[in-house]
Amino acid sequence: AAKDAAPAANETAPASPGDRAKSEAEKILGTGWWGTGNYFSITKIVLFIIVFWLWVYTADWMNDDMEHRKVESREMRNLQFFLIYLIGSAIAFYIPTFWAAFPITVLVWIVPAVVYVKLRNKGLPEPEKVWTRDHIVYVYAVLLSKIGVKVKMKKRMSYETGVPVELAPTEKGAAPQVLQGRLILARNAPGYNDFRAYLYDGLLRGADAIMFDYTPQKTVVRHQIDGVWIEIIEVPRVVEKGKEKDKLELALEAGKLLLGANPADRRSKQGGPFVATLNKTKYDCEFVSQGTRGGEAMMIQFVRQKVAFNTLDELGLFPQVQERLRTFLNAPKGFFVISAPPANGLRSSADVFIRNCDRFTRDVAAVEDVMHPDRQIENIILNRYDSSKGESPMTVLPDIFFKEPQAVVVREMVNVDSLTLCCEEVVNNRLIISTIKAKDAVEAMFRFLAMKVDPQLFASALAGVVCQRLVRKLCPECKEGFQPPPQLLQSLGFAPGTVKELFRVRSPLPPELEQKRKPCSTCNDIGYKGRTAIFELIELNDELRSLLVTQPNPAAIRQAVVKQRQPGFLQYGAELVRQGITSVDELSRVLKM
Ligand SMILES: [Zn+2]
């Protein structure tokens with residue numbers, strides 16, 4: 001319609017001065033998107049293109065901003081922003097009057113952008129907000145300074161700018177004035193903002209710890225994510241002229257000042273606790289520095305809220321294994337052991353297992369050290385001893401057994417007396433559940449034997465041992481399918497041709513494409529996100545019991561377990577690989593533990 005209307009208007013003869021003026025104006029501006037004659041007006045097209053470029057710039061900034069802030073609905077928001085503009089512009093093209101159509105293209109750019117900024121500024125700390133008075137002044141000041149104009153700005157305190165992480169030392173027993181003094185000292189240190197920036201990065205990536213490995217040539221920064229140290233960046237040591245220290249050294253000095261440590265001392269072990277606050281969430285942190293052979297190592301650990309599992313399903317335990325496990329936990333008698341290597345979730349898994357022990361129709365008692373309290377479990381009678389007073393489970397066990405409970409949970413045996421008494425009680429129709437740190441089920445047995453318990457007594461009481469290890473899960477966003485070669489399937493115990501596709505960490509693209517690629521926002525290009533467990537459950541039988549007494553060496557027991565076809569970590573892990581939950585590489589890393 002616009003196409004026909006515009007030229008027609010120019011052909012009509014002007015009748016009055018008013019009409020003539022209107023016609024003159026139309027000659028210049030045209031009526032629709034078309035100029036005089038049958039072509040687009042250059043002015044209008046230029047105006048449109050300017051708005052279009054502004055829109056592209058805004059869309060790009062929004063996308064980067066959302067990525068930076070880890071907004072989960074980023075792609076949805078991008079699509080919305082795009083569709084609003086597309087539909088708005090399409091409508092504008094069908095409006096015959098240009099000066100009615102053009103504002104629409106401006107509005108469909110500006111209104112969604114304003115709404116976005118309003119929503120994003122909500123809940124963000126001041127330095128992160130955009131379009132505030134301070135921010136606009138700042139942007140203009142930067143632009144004007146490029147052409148030599150200096151604008152006076154309200155000077156921000158150094159700690160008010162930069163990343164939105166606030167720090168506070170929290171040493172127990174230290175006077176508040178002392179802690180406040182340390183904070184002021186750290187805030188005035190030149191590296192304070194960089195120190196916060198390193199913390200911020202670690203928190204955003206979901207690290208459990210940050211390690212700085214300092215040498216006179218370079219510093220390697222690593223994050224511990226899902227139990228694995230990942231190199232994040234290698235910072236070469238660059239010292240500016242006239243200065244003695246590089247930026248990273250200054251950052252770590254600020255960290256030491258915060259904890260009241262001596263920055264000049266780079267040999268002895270120093271450190272302490274502090275709290276980092278990010279978006280109103282508080283993180284308990286621990287900072288340790290110590291000299292190494294080549295320089296100095298510093299570590300910041302975050303005490304994150306551990307995910308608490310409640311059911312065997314949540315633990316990811318396969319139904320068949322759940323059933324076998326329940327048989328042990330609800331057996332009338334026997335000594336049952338729950339084990340895991342250090343830092344492999346023994347405590348939280350033991351909680352779940354114990355919850356699955358029938359504690360509603362049976363009397364279940366538990367022994368706990370006052371110094372290491374566990375998560376409360378309903379319907380279990382708790383009996384406490386105090387290890388700081390030299391007490392052990394033996395302090396309370398005789399009284400407990402006197403009351404004849406059907407099951408007793410003793411997480412830490414502590415000494416041979418407790419262990420012996422528990423094994424003896426199994427004969428009196430009692431179930432004993434205990435935990436121990438060990439890399440596999442066989443090692444768990446030998447850790448108990450190493451306490452010098454009578455092997456005959458222990459072997460006859462022992463009913464079963466479960467062991468768990470944690471494996472990282474492949475990132476669901478960027479994992480890559482591949483056709484497994486027959487040898488690989490065979491090594492996992494699958495018959496050839498039974499598995500069509502397995503998954504692995506994404507392979508890198510050719511260098512020039514790899515550089516342009518945006519990193520995976522789910523896993524930060526690590527390829528893994530979160531962890532799950534693999535299990536090994538050994539059921540004691542006559543052959544294993546007699547081996548424990550006559551041939552007490554781990555290799556012999558392991559061999560017998562394999563011969564009896566009791567499924568181990570490999571079988572369990574292979575199933576996770578088959579389901580695409582983890583990779584062959586990750587499984588072999590964990591199996592080599
Ligand atoms: Zn990913």
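Atoms within a ligand are numbered from 1 in the order they appear, just like the ligands themselves.
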Apply ring pair (Phe, Tyr, Trp, His ring centres under 6.0 Å) to the pair Phe81 and Tyr116, showing each step before the final yes or no.
CA-CA 9 Å; Phe81 195 60; Tyr116 172 78; 7.9 Å; no

What protein N/O/S atoms are there under 2.8 Å from the Zn ion (ligand 1), waters excluded?
Cys475 SG, Cys478 SG, Cys520 SG, Cys523 SG

Flag, side chain of Thr311 to backbone of Glu314, donor-acceptor distance under 3.5 Å
yes

Less than 6.0 angstrom from the centroid, inside 45 degrees of the normal: does Arg324 satisfy that with respect to the ring of Phe318?
no

Salt bridge or not between Asp440 and Arg558? Use side-chain N to carboxylate O under 4.0 Å.
yes

Got a salt bridge between Glu296 and Lys256, using NZ or NE/NH1/NH2 to carboxylate O under 4.0 Å?
yes

List the steps and the verdict of salt bridge (Lys or Arg N to Asp or Glu O under 4.0 Å) for Glu171 and Arg182.
CA-CA 11 Å; Glu171 190 188 323; Arg182 287 177 189 168; 2.8 Å; yes

